[in-house]
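Data first, discussion second: the structure below is written as C-alpha cells.
Labels below follow one simple rule: chain letters A, B, ... track the order of the sequence lines, proteins then strands, and each chain is numbered from 1.
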2 protein chains.
Amino acid sequence: MSISSRFAVGIHILALIDLNKETASSSEFIAGSVNTNAAVIRKIMGMLKKAGLIEVQPGVAGAKLSRALSEITLFDIYKAVNVVEENELFSIHDKPHPDCVVGKNIQSTIEPIFMAAQSAMEKVFQNLTLEDIVKDIEAKEHIQ
Amino acid sequence: MSISSRFAVGIHILALIDLNKETASSSEFIAGSVNTNAAVIRKIMGMLKKAGLIEVQPGVAGAKLSRALSEITLFDIYKAVNVVEENELFSIHDKPHPDCVVGKNIQSTIEPIFMAAQSAMEKVFQNLTLEDIVKDIEAKEHIQ
DNA sequence: TAAACATGTAATCAATGCAGTTACAAGAAC
DNA sequence: GTTCTTGTAACTGCATTGATTACATGTTTA
C-alpha cells in the first residue's frame with residue numbers, strides 16, 4: 001500500500017508554476033519536468049483548479065497560483081488531489097460478530113485511534129506551505 | 001487508497017486471544033468473531049507469530065500472547081502485519097527531469113517531509129498498547 | 001478565417017494489492 | 001487411525017494507479 005504520487009506531483013506542479021513565473025507552464029512543459037504524460041498532468045491540474053489553488057483557462061497555455069505561496073499549505077494540496085478520504089486512511093473489517101465481546105466493541109475502540117493517527121499525519125502538512133518548499137529548492141540551487 | 005484491514009484484524013485477534021483466555025481460540029473461532037474466512041485469520045496469525053507476538057503450534061488449537069498486554073504496542077502489530085513499508089507511506093514520482101530546477105531538487109525536498117508525516121502517524125501507535133485496547137473493550141462491556 | 005496549439009475529459013490497458021475461497025499437506029490429540 | 005488443527009499455495013473478483021491515446025472545445029495568430 002502506498003498513497004498515490006498525485007500528492008507529490010501536485011506539489012511539483014505548483015512549485016514549478018511559481019519558479020517558472022516568467023514563461024507559461026503548459027501541461028506539456030510540466031510533464032517534461034515531472035517525467036510523465038501531459039494528460040496525467042492535466043488531470044491533476046484539474047483537481048488543483050477545482051480546489052481553487054490555481055487558475056487555468058481552456059485553450060490558453062499556462063496557469064497561475066490563486067494565492068500567495070505562504071497561503072497554500074501542503075494540506076490544501078493533499079486534500080485537492082484526493083489521495084486519502086476523510087478518516088479512511090485505515091480500513092476496518094466490517095460486520096464483526098455482534099455476539100462476541102470483542103466483535104461487538106472493536107470498531108468503536110479502534111476508530112478514534114485510527115482517526116488520531118491520521119490527524120497526526122495530516123497536521124504535519126497543515127504546518128507547511130508551498131513557500132517552505134520553494135525556499136528549500138532555491139536554497140539547494142544556490143549551494144550548487 | 002486505504003491501509004489494509006490486516007492491521008485492524010490483527011488487533012482484533014490479539015484482543016480476542018486475551019479476552020478468551022479460558023478456552024482455545026482456534027482460527028475458525030476467531031474467524032467467526034472477525035467475520036471472515038479462517039484462512040485469512042491463519043495468514044495474519046502467521047505474521048503475528050513471525051513477529052514474536054504470539055505462540056502457535058501447528059496442529060494444536062489456539063494461541064497465546066508471547067508478552068504481557070502492556071508490552072505489546074499497536075506499533076508492534078502495525079509492523080507485524082506489514083501494511084506500510086518503512087518510509088514508503090507516500091509514493092514519489094521517480095526520474096523527474098534533472099535539468100529542471102524543480103525536477104532536480106523536488107525529491108530531496110519532499111522526502112523528509114513525507115517521512116516526518118509518516119513518523120507522526122506511527123508515533124500514535126507507539127504510545128498505545130494492547131492493554132489500552134482490552135481495557136477499553138472491558139469498560140464498554142461493563143456499562144451495558 | 002484557417003491552421004496551430006492549448007486545455008478538458010473519456011476510454012482503455014497493464015500492473016498491483018486486497019480479501020475471500022478452496023484445497024491440501026503436515027502435525028497433534030483423542 | 002480418525003478427527004481436528006495449523007500452515008500454505010493457488011485462484012478468483014474487485015479496485016486503484018499511472019500511462020496512453022483520442023478527440024471535442026477553446027484560444028491565438030498569421
Establish whether B/Met115 and A/Leu89 are linked, either directly or via other cluster members, by ILVMFWY side-chain heavy-atom contacts under 4.5 Å.
no
Once you round it to whole Å, what is the distance between C1' of C/dA19 and CD1 of A/Ile92?
16 Å
Within a strict 4.5 Å, meaning less than it, do heavy atoms of the B/Ile77 and B/Phe7 side chains meet?
yes
Is there side-chain contact between A/Tyr78 and A/Thr73, with at least one heavy-atom pair below 4.5 Å?
no
Kindly say whether A/Ser27 contributes a backbone atom to a donor-acceptor pair with the side chain of A/Arg42 at under 3.5 angstrom?
no
Compare the minimum distances between each of D/dT27, C/dA6, D/dA22 and the side chain of A/Ala61, then state the nucleotide with the smallest one.
C/dA6
How close or far is atom P of C/dC18 from atom NE2 of A/His93, stated in whole angstroms?
17 Å
Could you state the CD-C1' distance from B/Glu88 to C/dT16, rounded to the nearest angstrom?
14 Å
For A/Met47 and C/dT9, what is the distance between atoms CE and C1' respectively, to the nearest whole Å?
12 Å
Mind listing the N/O atom pairs, protein and nucleotides 9-19 of chain D, below 3.5 Å?
from: D/dG18; atom 1: OP1; to: A/Ser5; atom 2: N; distance (Å): 2.8
from: D/dG18; atom 1: OP1; to: A/Ser5; atom 2: OG; distance (Å): 2.6
from: D/dG18; atom 1: OP2; to: A/Ser4; atom 2: OG; distance (Å): 2.5
from: D/dA19; atom 1: OP1; to: A/Thr36; atom 2: OG1; distance (Å): 3.3
from: D/dA19; atom 1: OP2; to: A/Thr36; atom 2: OG1; distance (Å): 2.5

To the nearest angstrom, how far is B/Ile44 atom CD1 from C/dC18 atom C1'?
11 Å
Please lay out, stage by stage, how B/Asn35 and A/His93 fare under the test side-chain contact (heavy atoms from CB on, under 4.5 Å).
CA-CA 8 Å; B/Asn35 183 35; A/His93 52 297; over 6 Å; no
On DNA chain C, compare the nucleotides closest to A/Lys49 and B/Arg42; which residue's is nearer the 5' end?
A/Lys49
Judged by atom type as modelled, is there a donor-acceptor pair below 3.5 Å linking the side chain of A/Lys140 to the main-chain atoms of B/Ser108?
yes
In whole angstrom, give the distance that lies between atom CD of A/Gln57 and atom C1' of C/dT7.
11 Å
In whole angstrom, what separates A/Ile41's CD1 from C/dT9's P?
16 Å
For A/Phe90 and C/dC18, what is the distance between atoms CZ and P respectively, to the nearest whole Å?
14 Å
